[in-house]
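Notes for the one structure printed next.
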Protein chains: 4
Amino acid sequence: MGSSDTKKQLELKALQFFSENDFDRSNLNDIARALGVTKGAIYHYFSSKDDLFLASVNHLLDVMMDMFTKGLPRDIPVKGLLENLFQMEEMMIALARALGIKGDVDMYRNTLYLFLTGTKKFPQLTDRLDELYTGFIDSLENLLNAGIVRGELRRDVDARAIAFEITAFYEGALLLGAFSHKNDYTVLGPRVCSSIWRRIAADPEGEEDE
Amino acid sequence: MGSSDTKKQLELKALQFFSENDFDRSNLNDIARALGVTKGAIYHYFSSKDDLFLASVNHLLDVMMDMFTKGLPRDIPVKGLLENLFQMEEMMIALARALGIKGDVDMYRNTLYLFLTGTKKFPQLTDRLDELYTGFIDSLENLLNAGIVRGELRRDVDARAIAFEITAFYEGALLLGAFSHKNDYTVLGPRVCSSIWRRIAADPEGEEDE
Amino acid sequence: MGSSDTKKQLELKALQFFSENDFDRSNLNDIARALGVTKGAIYHYFSSKDDLFLASVNHLLDVMMDMFTKGLPRDIPVKGLLENLFQMEEMMIALARALGIKGDVDMYRNTLYLFLTGTKKFPQLTDRLDELYTGFIDSLENLLNAGIVRGELRRDVDARAIAFEITAFYEGALLLGAFSHKNDYTVLGPRVCSSIWRRIAADPEGEEDE
Amino acid sequence: MGSSDTKKQLELKALQFFSENDFDRSNLNDIARALGVTKGAIYHYFSSKDDLFLASVNHLLDVMMDMFTKGLPRDIPVKGLLENLFQMEEMMIALARALGIKGDVDMYRNTLYLFLTGTKKFPQLTDRLDELYTGFIDSLENLLNAGIVRGELRRDVDARAIAFEITAFYEGALLLGAFSHKNDYTVLGPRVCSSIWRRIAADPEGEEDE
DNA sequence: CATGAATGAGCCTTCATTCAT
DNA sequence: GATGAATGAAGGCTCATTCAT
């Protein structure tokens, strides 16, 4: 029932809507208006408001899973990775392109909101998120280990801990960004990354002489 | 109207309730039952459901503000701080005692949910949260600077960045804990803290041989 | 929750309403107006529209069970019973009084509608109706057997069949009354009863000399 | 619009559907699926859901009118009629054949439901039903009178009352069958018919010794 | 102070009907 | 003829809020 294209379009628009608006505080009239269709059309493609939300989040999870786990290169310099981690615009553009929508500057932060509230309301999402984050941390760990083998990083680096640290710090920085306007992660983020780099690099000075 | 004590008690119980239950998915009948009073009683002390929520969160913010900014010691060893960061039970007990309630193991994570959804529903909370996090990061920065002056930490440490890093990493680790059961922050957290310590300590080896 | 009296009143009014109006074609606004309360009040006492309907019908079933099975006399002349069967007004008044409402002339016929549609929508009602009709037929059979023993009826009367016949005929006559205005059961009913009487009486002539 | 044959086929299928399913609880998607066509096709042949229902029931009424009034033989032995009244399967097969569908054992009972709910929803059906039942009772009366003239029945038989009794009892027995599983009309029905026979036959004994 | 019955606006959902293809 | 995507009015139900007691 319903063309698959239209359904995907609705999922994407709903994703954008739900990342900006509270699920419970939004009524279907507003949602329908935001998606550019009528209430009935939504029910033509989705069985309920919950279903629409879950389809949207699962769509996002699919894309992020591709992008951040399967899609990551196996062997890039760790230095570049850390330097680009807080080039938010680049990351955002990449994700937006993968989703096929035009993103905005709060997109990343909003996904956090989507995930935290989503798992509270729909515990079945937890497994997929677990997979996503575990996949991301695994990929990072592989990259770090490759860096150690390659001689870019010190031999005594605890790759798993660093991978977890980078991931948790990144998410936490975005989270703080939602709360705090006084601590700008676009400024502090790179400083932290540079500090992490100095700790794990085999030759921090040689690389840092800018 | 109503004794101030009773009102504070209701705020605390409501806080516990809202940290475990979604605001919009809870109705006042359930809330009243959870608080051990009737609906009418709630309206004696609070002007609305929103008001009850805001009073609760503001109460939590007051306590956390005291505990994590004004209440922090001016001069403790950074090493101990990092070692205790993921002694979640201790932290939790301290916060629960400060609130005068019995906490549970998910309390911290739940406050994150409370804050993230709370700011989405009530943007006026953002300023207070900003104050809390900024205060916390400032305090940490002061502690780190004191450590530098004291000679515990290296002179080239970027205190602001490290304070931000610790805070963001901590929040991020708790957040990931809500999503991922495969990455246990009670195990990985201390490994990361130890890694941070080795990076900033003036004499990491000397301190570690205990 | 809610006073038991108010709830019983609502059940009775709903009974009257549903016996006159189609369940699915009535919306809760109309029902509420007919019951003299608001929609919310109904949901204060009943958990759903279905619940309201079932409570009403079960209330009716309780009263009819008392009246037509437990409440029937053990030993009355069969002749009088047959003569009064189609004194609808008397029967109706008795049922209305037992229900505590003022009845109207279509009350009996309407209960049939209530039962037939009720069992289609709520199969769980079937057992209670089975009990009611079986109880009624049993009581009739007992009365007939008492008549045989007493010498009022012929010894070769098939008491069970006659009890079933009277019951089925009675219901059928009311049912036809719902469809057909040309066959008036208040006229034909007594003629049939007199015919049945002549068949089962030990001495039809002696009794019939009017 | 639409071939007349297709329309008749749809009416028949709809009849079967509505005799098994509640009108208001069935939606047009389910109905269309049950009829083996699309929603659009239904609207080609019928102007509305109501129209489809009414066309179906009127079709049934046409067939029953033919079968039970005009179609009845003018002069058959009353004894055989009474003996066959509760040969439900035979009756059902006859009606199903007349309709051109395959019937099932609940068909008769279901038509009762169809008629009772149908007249509540569409009062305009009442007249046709009145005609059907009156026609049937008239035919029965004629048969009984023919039996009297022929000498099969007693001269003092109240033909109108007996015709009404048989009809009402028959409908009532089917109705009770819908409510009560403990009183089987296939067993009790023939016993009642035999009792009626003994009452109206000119020579009950002579006829019964077979 | 406290209660909880009652209110009614607003929500999610259904579904008969329409209409572009 | 036939389709099924889209519409939008209407319905069941929830629940924050009020108020008579």
Side-chain angles (χ1 to χ4, degrees), chain A residues 1-7 10 23-33 35-53, chain B residues 1-3 6 23-33 37-53, chain C residues 1-7 10 23-33 35-53, chain D residues 1-3 6 23-33 37-53:
Chain A
M1 67 152 69
S3 94
S4 185
D5 267 10
T6 309
K7 183 168 172 153
L10 291 181
F23 180 81
D24 287 302
R25 300 248 158 154
S26 315
N27 65 51
L28 269 170
N29 279 317
D30 295 341
I31 295 173
R33 197 172 314 116
L35 306 208
V37 292
T38 61
K39 241 186 319 184
I42 291 178
Y43 279 90
H44 195 73
Y45 292 99
F46 304 94
S47 64
S48 64
K49 191 186 177 191
D50 282 11
D51 185 35
L52 173 64
F53 180 84
Chain B
M1 54 146 84
S3 90
T6 309
F23 179 80
D24 287 299
R25 304 234 160 159
S26 314
N27 65 52
L28 266 176
N29 278 320
D30 294 343
I31 294 172
R33 195 175 315 118
V37 294
T38 63
K39 247 186 314 182
I42 290 179
Y43 277 90
H44 266 287
Y45 293 100
F46 305 93
S47 64
S48 67
K49 189 187 176 191
D50 282 11
D51 185 35
L52 173 63
F53 178 84
Chain C
M1 64 150 74
S3 96
S4 184
D5 267 10
T6 310
K7 181 168 173 152
L10 292 181
F23 180 81
D24 287 303
R25 299 248 157 152
S26 316
N27 66 52
L28 270 170
N29 279 317
D30 295 341
I31 295 173
R33 196 174 313 117
L35 305 207
V37 294
T38 60
K39 237 183 327 182
I42 291 179
Y43 280 91
H44 195 73
Y45 291 100
F46 304 93
S47 63
S48 65
K49 191 187 177 190
D50 282 11
D51 186 35
L52 174 64
F53 179 84
Chain D
M1 55 145 86
S3 91
T6 309
F23 179 81
D24 287 300
R25 304 234 159 161
S26 315
N27 64 53
L28 267 176
N29 278 319
D30 294 342
I31 294 173
R33 197 175 312 118
V37 293
T38 63
K39 247 186 312 183
I42 291 180
Y43 277 90
H44 265 288
Y45 293 100
F46 304 94
S47 66
S48 66
K49 189 188 177 191
D50 282 11
D51 185 35
L52 173 64
F53 179 83

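Residue numbers begin at 1 in each chain, while the letters A, B, ... track the order of the sequences.
When each of E:dA6, F:dC13, E:dA2 is scored by its nearest atom to the side-chain atoms of B:Thr38, the top-ranked nucleotide is E:dA2. In this structure, the nucleotide among E:dT7, F:dA6, E:dT13 sitting nearest to the side chain of C:Ala41 is E:dT7. Of all nucleotides listed (E:dG8, F:dT17, E:dA2), F:dT17 comes nearest to the side chain of B:Ser48. Among the nucleotides E:dC1, F:dG11, E:dA16, the one closest to the side chain of C:Asn27 is F:dG11. Between F:dA2, F:dA6, E:dA5, one nucleotide has an atom nearer to the side chain of C:His44 than all others, and that is E:dA5. If you check F:dG12, E:dT17, E:dA6 against the side chain of C:Leu28, the one that comes closest is F:dG12.
Rounded to whole angstrom, the span from the CZ atom of C:Phe46 across to the P atom of F:dG12 amounts to 16 Å. Taking atom CG of residue C:Asp51 and atom P of nucleotide F:dT14, one finds them 11 Å apart after rounding to whole Å. Rounded to whole Å, atom P of F:dA2 lies 19 Å from atom CZ of D:Arg33. Nucleotide F:dA5 holds its P atom 13 Å from the CG atom of A:Leu10, rounded to whole Å. If you measure from atom CD1 of C:Ile42 to atom C1' of E:dT7, you get 13 Å, rounded to the nearest angstrom. Between the P atom of F:dG11 and the NZ atom of C:Lys49 lies a distance of 9 Å, rounded to the nearest Å. Spacing between atom CG of C:Leu52 and atom P of F:dC13 amounts to 10 Å, rounded to whole angstrom units. Atom C1' of nucleotide E:dC12 and atom CG of B:Asp24 are separated by 15 Å, given to the nearest angstrom.
Across the interface with DNA chain F, nearest-nucleotide mapping of A:Gly36 and B:Arg25 shows A:Gly36 to be the residue nearer the 5′ end. Projected onto DNA chain E by closest heavy-atom contact, B:Gly40 and D:Asp50 fall at different nucleotides, the more 5' of which corresponds to B:Gly40.
Among the atoms of the strands shown, none is found under 4.0 Å from any heavy atom of B:Ser47.
Between A:Tyr43 and the phosphate of F:dT7, there is no side-chain N or O to OP1/OP2 separation shorter than 4.0 Å. The side chain of D:Lys39 contributes no N or O atom lying less than 4.0 Å from OP1 or OP2 of F:dG4.
When every heavy atom of D:Phe46 is checked against every heavy atom of D:Asp51, the shortest pair comes out as CA-OD2, 3.4 Å. Taking each heavy atom of A:Leu52 and A:Ile42 in turn, the nearest pair found is CD2-CG2, 4.1 Å.
Partner assigned to F:dT3 is E:dA20, using Watson-Crick or G-U wobble distances below 3.5 angstrom.
At least one side-chain heavy atom of A:Ile31 sits under 4.5 Å from a side-chain heavy atom of A:Lys49. Side-chain contact between D:Arg33 and D:Asp30 is present, with heavy atoms from C-beta onward closer than 4.5 Å. Taking the side chain as every heavy atom from C-beta outward, C:Val37 and C:Tyr45 never approach each other to under 4.5 Å.
With sequence neighbours left out, the side-chain hydrogen bond (donor to acceptor under 3.5 Å, both in side chains) criterion links A:Asp24 to A:Lys121, B:Arg25.
Rounded to a whole angstrom, the distance from the C1' atom of F:dT21 to that of E:dC1 is 13 Å.
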